[in-house]
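We count ligands from 1, going down the list as the structure has it; atoms in each ligand are counted the same way. Residue numbers count from 1 along this sequence.
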Amino acid sequence: MNNDYELETHAVRTGQNRTLENEHSEAMFLTSSYVFNSAAQAAARFSGDEPGNIYSRFSNPTVANFEQRLAAMEGGQRCIATASGMAAIFSMVIGLLKTGEHVVASQSIFGTTVVMFDQILRKLGIETTFVPLTDHAAWQDAIQDNTRLLFLETPSNPVTELVDIRALATLAHDHQCLLAVDNCLATPVLQRPFELGADLVIHSATKYLDGQGRCIGGAVIGDETLLNDIFAILRSSGPSMSPFNAWVFLKGLETLSIRMKAHCENALALASWLEQQPQVERVYYPGLPSHPQYELAQQQQLGSGGMLAFDVKGGKDSAWQVIDHCHIFSITANLGDTKSTITHPATTTHGRVPLEQRLQAGIGDGLVRISVGLEAINDLKADLQRGFESL
Ligand SMILES: *Cc1c(COP(=O)(O)O)cnc(C)c1O
């Protein structure tokens with residue numbers, strides 16, 4: 001495939017190898033294993049002398065199609081698809097780090113990612129220091145002689161803080177560390193971590209890449225050398241992507257660009273409207289000039305994304321009342337769907353975070369998070385308006 005193509009062309013075309021049937025749409029290979037023409041060919045496949053499929057734990061044409069397409073869209077050399085976003089992060093760390101090495105991670109990353117670094121990897125002797133996402137000095141101070149990896153998400157969830165990826169890539173490389181960016185919320189349509197110096201990009205394909213809330217999946221993208229070590233882990237521990245899910249994600253990638261633009265447009269309209277509501281104390285959305293990092297958002301992102309948050313006056317009771325008055329918004333912690341979702345982070349996703357730490361992260365009792373879907377904007381406003389009027 002031509003590497004000069006732009007993202008939208010890769011999204012629709014890259015990675016497809018038609019079979020003898022000449023099918024137009026991508027074929028789905030629901031097969032666990034592959035047949036060899038002879039004993040000699042089987043031996044050659046297993047020894048690696050002949051390239052080709054053996055077993056779908058580590059190679060499947062539909063999964064390979066997804067991997068090539070997403071790698072091209074991110075502008076990375078190679079992609080490895082995994083069973084979930086968490087499997088992508090776990091395989092990456094286990095593939096690249098060993099016991100006694102150290103990670104510096106933003107404290108504003110996905111809750112389960114915190115648990116993985118803080119508990120599971122710590123148990124294996126890989127220690128993590130958590131730092132405030134926007135505090136560059138804290139990142140610098142946390143780096144030790146044994147630090148190998150810096151890990152971040154930008155924009156952060158739920159209060160949409162940003163970090164300068166290029167500055168952190170420089171810091172990482174000055175200390176012989178790798179920088180991994182979880183690009184799940186921005187997607188390659190809105191943010192290009194490799195062009196800003198990142199070494200690895202992580203995805204939960206479950207979110208915008210599928211975009212319609214159907215399948216769980218993930219991916220790691222990076223250069224050939226790094227990904228070889230991660231592939232070795234996948235091959236022998238098995239958190240692989242199902243070919244069915246890969247096929248669904250392929251269809252999702254084809255419309256990613258137009259969906260992200262529509263998500264951004266709806267989210268900006270809703271954020272601007274929320275800022276004018278008397279019941280709303282503050283709105284968090286990188287596309288608003290009132291966002292403290294508006295300038296960075298304009299430089300680093302090609303759109304402000306589909307997620308926003310706001311503080312309702314009156315704390316938890318008001319927040320719950322607004323949520324419970326919605327007819328359209330789904331009350332669910334999921335995000336990145338064509339369906340708009342609404343969440344009260346303080347009592348759900350961040351319910352187990354100690355109070356002081358939660359407030360420090362900007363997650364107050366009145367905070368409501370919205371993943372803005374593709375419904376008509378006026379219907380979404382009216383859905384929230386009902387709750388505001390009840391206060
Ligand atoms: C959901 C999510 C993950 C985890 O992905 P799963 O597919 O649920 O395992 C990781 N990072 C971010 C930013 C997410 O939103």
Side-chain angles (χ1 to χ4, degrees), residues 63 66 70 74 79-94 103 105-121 128 130 133 149-163 165 179-191 193 198 200-221 234 237-242 244-246 248-249 252-253 256 260 263 286 301 305-309 330 332-337 339 341-343 345 348-350 361 363 369-373:
V63 176
F66 168 77
L70 184 58
E74 280 288 357
C79 169
I80 293 175
T82 54
S84 66
M86 295 320 304
I89 299 170
F90 191 69
S91 305
M92 172 185 73
V93 177
I94 296 295
V103 178
S106 157
Q107 64 192 21
S108 322
I109 51 180
F110 186 65
T112 313
T113 315
V114 173
V115 173
M116 179 185 296
F117 281 118
D118 203 31
Q119 296 173 23
I120 300 174
L121 292 165
T128 298
F130 292 96
L133 177 69
L149 179 72
L150 272 51
F151 185 94
L152 62 89
E153 268 169 44
T154 178
S156 72
N157 174 7
V159 290
T160 70
E161 283 185 325
L162 272 61
V163 73
I165 296 176
L179 175 67
V181 175
D182 183 332
N183 205 25
C184 170
L185 285 190
T187 81
V189 174
L190 304 183
Q191 183 162 269
L200 294 142
V201 168
I202 289 285
H203 274 288
S204 165
T206 317
K207 311 296 165 52
Y208 288 110
L209 304 192
D210 173 348
Q212 293 160 73
R214 298 164 295 193
C215 289
I216 303 273
V220 193
I221 302 126
L234 181 98
S237 65
S240 340
M241 179 179 284
S242 128
F244 178 84
N245 289 9
V248 172
F249 294 136
L253 289 181
L256 183 66
M260 290 317 292
H263 280 295
Q301 298 185 197
M307 199 193 65
L308 59 84
S330 315
T332 165
N334 193 32
L335 54 85
D337 199 299
K339 296 178 170 69
T341 68
I342 194 161
T343 314
T348 58
T349 52
H350 293 72
I363 302 162
R369 187 197 74 186
I370 284 180
S371 167
V372 186

Report, in ascending order of atom number, the atoms of ligand 1 lying under 4.0 Å from any heavy atom of [X].
X: Gly85; value: 5 (O), 6 (P), 7 (O), 9 (O)
X: Gly217; value: 7 (O)
X: Cys184; value: 12 (C), 13 (C), 14 (C), 15 (O)

Side chains of Asp118 and Thr128, heavy atoms from C-beta outward: is any pair under 4.5 Å?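 The answer is no; the side chains never approach within 4.5 Å.
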A side-chain contact here means heavy atoms from C-beta on lying under 4.5 Å apart; do Gln191 and Ile165 qualify?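 The answer is yes; the side chains approach within 4.5 Å.
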Got the closest protein heavy atom to [atom], with its distance?
atom: atom 14 (C) of ligand 1; result: Lys207 NZ, 2.9 Å
atom: atom 8 (O) of ligand 1; result: Ser204 OG, 4.1 Å
atom: atom 11 (N) of ligand 1; result: Asp182 OD2, 2.6 Å
atom: atom 7 (O) of ligand 1; result: Thr206 OG1, 2.7 Å

With distance as the sole test, does Ser204 use its side chain to make a donor-acceptor pair with the main-chain N or O of Gly218 at under 3.5 Å? no
Sidechain-backbone polar pair: Arg369 side chain, Val159 backbone, donor-acceptor under 3.5 Å: no
Verify the distance criterion only: is there a donor paired with an acceptor across the side chains of Asn183 and Glu74 at less than 3.5 Å?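 Yes.
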Verdict with supporting geometry, Thr332 and Ser330, side-chain hydrogen bond (donor to acceptor under 3.5 Å, both in side chains): CA-CA 6 Å; Thr332 165; Ser330 315; over 6 Å; no
Should Gly336 be listed as contacting ligand 1, given a heavy-atom distance under 4.0 Å as the test? no
